[in-house]
Amino acid sequence: MNMETDIYIITSRTAPRPGPGEYISVLEYKLEDKEYTKTLRKQCEEVTPHALELTALSDSLKCFRRSCDIRIHSTHGWVKSIFLNGWIGKWKAAGWVNNGKPVANTELYELIDRLTNDNGLNLVSFDDDLGSYRTWLTNEIRR
């Protein structure tokens, strides 16, 4: 039986240029009729919004050591696009090059690819609904 799993991610970076940023991610999972919650929080000195979101996702995925289906909840729509369009697989097949240029944040994409494949993690859905965590996450990231 696969574990029921949700990851809720919020980040503080919106400006496209690198700068200081922070993420908070909440992992919520149910195993054998018991519910568990874990919160991760990390500050980075020089990071773009994309790299920060990928860091949050990869750090969250590191917490899972068994096969499970994972629903990702994030207000960053481009994360959804990356996975639904299969870009990681395409970039990997092309040697991490896109339109003749190296893919930015390659090391984070490689890590996410390795974590999902090695641990049997299946990213099944992506949405921007932070659910019952929306208010808390929004208030926490503003501090």
Side-chain angles (χ1 to χ4, degrees), residues 2-31 34-143:
N2 265 0
M3 201 167 34
E4 296 177 23
T5 310
D6 289 273
I7 299 174
Y8 300 86
I9 298 172
I10 193 166
T11 64
S12 65
R13 292 284 311 150
T14 56
R17 290 194 169 77
E22 178 179 22
Y23 80 75
I24 303 171
S25 106
V26 177
L27 289 61
E28 185 177 71
Y29 52 101
K30 187 175 181 181
L31 181 62
K34 289 180 112 177
E35 293 184 13
Y36 301 90
T37 304
K38 180 175 184 161
T39 303
L40 304 176
R41 189 173 198 154
K42 185 176 190 176
Q43 293 182 344
C44 300
E45 292 300 316
E46 286 292 312
V47 66
T48 64
H50 294 280
L52 187 58
E53 182 82 9
L54 293 171
T55 299
L57 180 57
S58 63
D59 288 353
S60 297
L61 295 175
K62 288 176 189 175
C63 295
F64 297 98
R65 306 249 186 260
R66 60 171 24 176
S67 176
C68 62
D69 293 336
I70 300 174
R71 293 175 294 270
I72 307 294
H73 306 269
S74 169
T75 56
H76 297 279
W78 65 271
V79 171
K80 179 179 181 178
S81 296
I82 288 166
F83 291 97
L84 293 181
N85 291 317
W87 292 343
I88 290 179
K90 292 173 186 174
W91 295 334
K92 184 178 178 181
W96 300 102
V97 173
N98 185 33
N99 294 327
K101 297 179 183 176
V103 173
N105 304 307
T106 298
E107 66 287 343
L108 290 168
Y109 289 118
E110 287 176 320
L111 177 58
I112 290 167
D113 184 56
R114 188 171 59 254
L115 288 167
T116 54
N117 290 325
D118 291 353
N119 295 338
L121 305 179
N122 184 24
L123 307 182
V124 296
S125 69
F126 302 85
D127 66 52
D128 62 358
D129 182 12
L130 297 176
S132 62
Y133 295 106
R134 176 173 296 284
T135 301
W136 180 79
L137 284 168
T138 301
N139 289 338
E140 282 296 306
I141 206 71
R142 288 181 182 158
R143 290 183 181 199

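Note: hydrogens, waters and symmetry copies are ignored here, and every other heavy atom, side chains too, is used. Predicted model, so just to flag it, every value in this text is computed and none were measured. Along the sequence shown, residues carry numbers from 1.
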(request) Could you walk me through whether V26 and W136 pass side-chain contact (heavy atoms from CB on, under 4.5 Å), step by step? (result) CA-CA 11 Å; V26 177; W136 180 79; 3.9 Å; yes

(message) Can you confirm whether I70 sits close enough to L61 that some side-chain heavy atom of one is under 4.5 Å from a side-chain heavy atom of the other?
(response) yes

(message) Less than 4.5 Å apart, side chain to side chain, heavy atoms only: is that true for D128 and K80?
(response) no

(message) Test your reading of the model: is there a side-chain donor-acceptor pair from N119 to the backbone of F64, 3.5 Å cut-off?
(response) yes

(message) Do R134 and T75 have side chains that approach each other closer than 4.5 Å (heavy atoms only, starting at C-beta)?
(response) yes

(message) Can you give me the closest heavy-atom contact between R13 and P20, atom names plus distance?
(response) CD-O, 2.9 Å

(request) Take T116 and F83 through the test side-chain contact (heavy atoms from CB on, under 4.5 Å) and record every step on the way to the result. (result) CA-CA 12 Å; T116 54; F83 291 97; 5.8 Å; no

(request) Check for a donor-acceptor pair, side chain of S12 on one end and backbone N or O of E22 on the other, with a separation under 3.5 Å. (result) yes

(message) So which atom in A56 and which in I9 form the shortest heavy-atom distance, rounded to 0.1 Å?
(response) CB-CG2, 3.7 Å

(request) Supply the atom-to-atom distance L130 CG to S74 OG, rounded to the nearest 0.5 angstrom. (result) 7.0 Å

(request) Starting at OH of Y8, measure out to CG of L27 and round the result to the nearest 0.5 Å. (result) 10.5 Å

(request) Evaluate the side-chain proximity of I10 to E140: yes if any heavy-atom separation is below 4.5 Å, no if none is. (result) no

(message) If we count only N and O atoms by modelled type, under 3.5 Å, do the side chains of E110 and W96 hold a donor and an acceptor together?
(response) yes

(message) Contact between Y133 and H73 at the side-chain level, heavy atoms closer than 4.5 Å - yes or no?
(response) no

(message) Using side-chain heavy atoms (C-beta onward) and a distance below 4.5 Å, is R71 in contact with V124?
(response) yes

(request) Measure the OH-CG distance between Y36 and L31 for me, rounded to the nearest 0.5 Å. (result) 6.0 Å

(request) Would you mind reporting whether W87 and V103 have side-chain heavy atoms less than 4.5 Å apart? (result) no

(message) Nearest 0.5 angstrom please: H76 NE2 to T14 OG1, how far?
(response) 8.5 Å

(message) Please give me the minimum heavy-atom distance between W78 and P49, naming the atom from each residue.
(response) CZ2-O, 4.4 Å

(message) Which heavy atom of L40 sits nearest to which heavy atom of K38, and what is that distance?
(response) CD2-CE, 3.7 Å

(message) Checking C68 against N122 for the side-chain contact (heavy atoms from CB on, under 4.5 Å) test, could you report, in this order, the C-alpha distance in whole Å, the side-chain angles of both residues, the deciding distance, and whether it holds?
(response) CA-CA 6 Å; C68 62; N122 184 24; over 6 Å; no

(message) Return the CD to CG distance between E46 and L52, rounded to the nearest 0.5 Å.
(response) 12.0 Å

(message) Measuring only between side-chain heavy atoms, which start at C-beta, is V47 closer than 4.5 Å to P18?
(response) no

(request) For residues G120 and S67, report the shortest heavy-atom separation together with the two atoms involved. (result) O-OG, 3.1 Å

(message) Are there over 12 heavy-atom neighbours, none belonging to E45, within less than 6.0 Å of that residue's CD?
(response) no

(message) Looking at N85, is its backbone amide N or carbonyl O close enough to the side chain of K90 to form a donor-acceptor pair, meaning the two atoms are under 3.5 Å apart?
(response) yes

(request) Search all heavy atoms of T39 against all heavy atoms of I24 and return the closest pair with its distance. (result) CG2-CG2, 4.0 Å

(request) Please round to the nearest 0.5 Å and tell me the distance separating atom CZ of R17 and atom OG1 of T48. (result) 12.5 Å

